[in-house]
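First up is the structure itself, then whatever we jot down about it.
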Amino acid sequence: MTAQRMPIAFFGHGSPMNALEDNRYTRAWRAMGETFLRPRAILSISAHWVTRGSAVTAQTSPPTIHDFGGFPNRLFAARYPAPGDPELALRLRELLGRHEVQLDSQWGLDHGTWSVLMHVYPQADIPVVQLSLDATLSAGQMFELGQTLKPLRDEGILVLGSGNIVHNLGRMNWQPNAPAYSWAERFDALVVNRLESGDWKDLLDYASLGEDALLAVPTPEHYLPLVYCLGCAAEGDQVVLPTRGITGGAVSMLSV
């Protein structure tokens, strides 16, 4: 491991309102940004951009995408005006080689990315590129893609995944301070155990982990950014858990 190797960060982003709120999760995100080496650029893999085939944002000024509804106007007014990095987009195409990557000029930074970065790097002065989740790939293939991205860590690039380990909006309890469902707590704890033990193989085939997993991950898009991050891990990396907690009974705020 070189002295300048960048960490990998997975964020449980939760509600888009976290972009504007001051709570224990957003304060921890800010502390993460203050602890990290300053990256040359950020590669974000968000639960909220799913495509057939891989795509990467290639604009010089990616727009802030408000990909949600039913929230206050002040959230729709929020902007994260970070620059893009077309050269990094081309570098991704080079690294992924035989896996075709489309250069995209239509997408931008969705809330999986900017709601977190509003706190991690509030000045919005670090270039950000998003890589889509490729819906045609298995979790094992996504892990392999993550492995091909590993050299970026030695090039000053922070690889960031954004989703939620447990994400079942159909079971959400919208009452304030709602207790976590037992299945959500158990699956969250299982993932933490696997991460801390280094026994990650089961996490790639999460559906094999029982009924709790099926309730915690009814659809895969919020879970899979973690898989890309695991692929980027290197020998000697330490697992740190800056945030833990379950909101609404059914959304894990675990950050890794």
Side-chain angles (χ1 to χ4, degrees), residues 6-20 26 29-30 32-33 36-69 71 73-96 99-135 142 145-146 148-149 152-153 155-164 221-222 224-225 228-229 232:
M6 294 299 301
I8 317 154
F10 172 84
F11 292 87
H13 65 246
S15 167
M17 286 301 294
N18 282 319
L20 304 182
T26 62
W29 297 345
R30 184 176 293 262
M32 291 169 71
F36 291 162
L37 295 169
R38 180 178 172 84
R40 177 175 69 79
I42 297 166
L43 171 62
S44 177
I45 303 158
S46 165
H48 293 277
W49 192 24
V50 182
T51 57
R52 294 190 64 80
S54 291
V56 60
T57 57
Q59 313 99 314
T60 56
S61 299
T64 302
I65 298 175
H66 299 84
D67 51 328
F68 43 71
F71 290 96
N73 288 337
R74 61 193 179 98
L75 186 60
F76 290 91
R79 297 291 182 274
Y80 190 77
D85 191 336
E87 289 188 6
L88 176 56
L90 292 173
R91 174 68 172 134
L92 282 171
R93 292 187 81 179
E94 177 187 4
L95 283 173
L96 296 181
H99 184 82
E100 185 177 354
V101 180
Q102 298 295 323
L103 299 179
D104 187 277
S105 60
Q106 302 301 313
W107 200 252
L109 306 183
D110 60 54
H111 82 268
T113 294
W114 63 263
S115 68
V116 169
L117 289 180
M118 292 273 280
H119 300 282
V120 182
Y121 296 112
Q123 299 303 314
D125 58 353
I126 298 172
V128 183
V129 163
Q130 278 201 208
L131 175 66
S132 70
L133 288 173
D134 185 347
M142 291 180 180
L145 279 193
T148 67
L149 300 175
L152 294 175
R153 298 179 60 193
E155 300 172 15
I157 309 301
L158 173 65
V159 178
L160 181 159
S162 182
N164 295 100
E221 75 288 338
H222 276 75
L224 291 173
Y228 281 80
C229 290
C232 286

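What you see below is based on every heavy atom in this structure, not just the backbone, and it leaves out hydrogens, waters and symmetry mates.
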- Query: NE2/His119 to CZ/Phe11 distance, rounded to the nearest 0.5 angstrom?
  - Reply: 10.5 Å
- Would you say the side-chain atoms of Arg79 and His66 include a donor-acceptor pair closer than 3.5 Å? yes
- Task: Indicate whether the side chain of Ser46 and that of Asp110 have a donor and an acceptor atom separated by less than 3.5 Å.
- Result: yes
- Message: Before we go on, tell me: are the rings of Phe76 and Phe68 under 6.0 Å apart, centre to centre?
- Response: yes
- Does the side chain of Gln130 pick up a donor-acceptor pair with the side chain of Thr113 at under 3.5 Å? yes
- Flag yes if more than 12 heavy atoms outside Glu155 fall under 6.0 Å of its CD atom; otherwise flag no. yes
- Arg91 side, atom CZ; Leu43 side, atom CG - distance, nearest 0.5 Å: 12.0 Å
- Gap separating the OH atom of Tyr121 from the CZ atom of Phe36, nearest 0.5 angstrom: 6.0 Å
- Message: Quick check for you: to the nearest 0.5 Å, what is the distance between Leu117 atom CG and Ile126 atom CD1?
- Response: 8.5 Å
- Item | Carboxylate-amine/guanidinium contact Arg40 Asp85, below 4.0 Å | yes
- Spacing of CD1 belonging to Ile8 relative to OH belonging to Tyr228, to within rounding of 0.5 Å: 15.0 Å
- dist Met118:CE -> Leu109:CG (nearest 0.5 Å) comes out at 11.5 Å
- Query: Would Ser115 and His13 count as having a side-chain donor-acceptor pair, cut-off 3.5 Å?
  - Reply: no
- Note on the structure: Scanning both residues in full, the closest heavy-atom pair of Pro83 with Ala124 reads CD-O, 3.7 Å
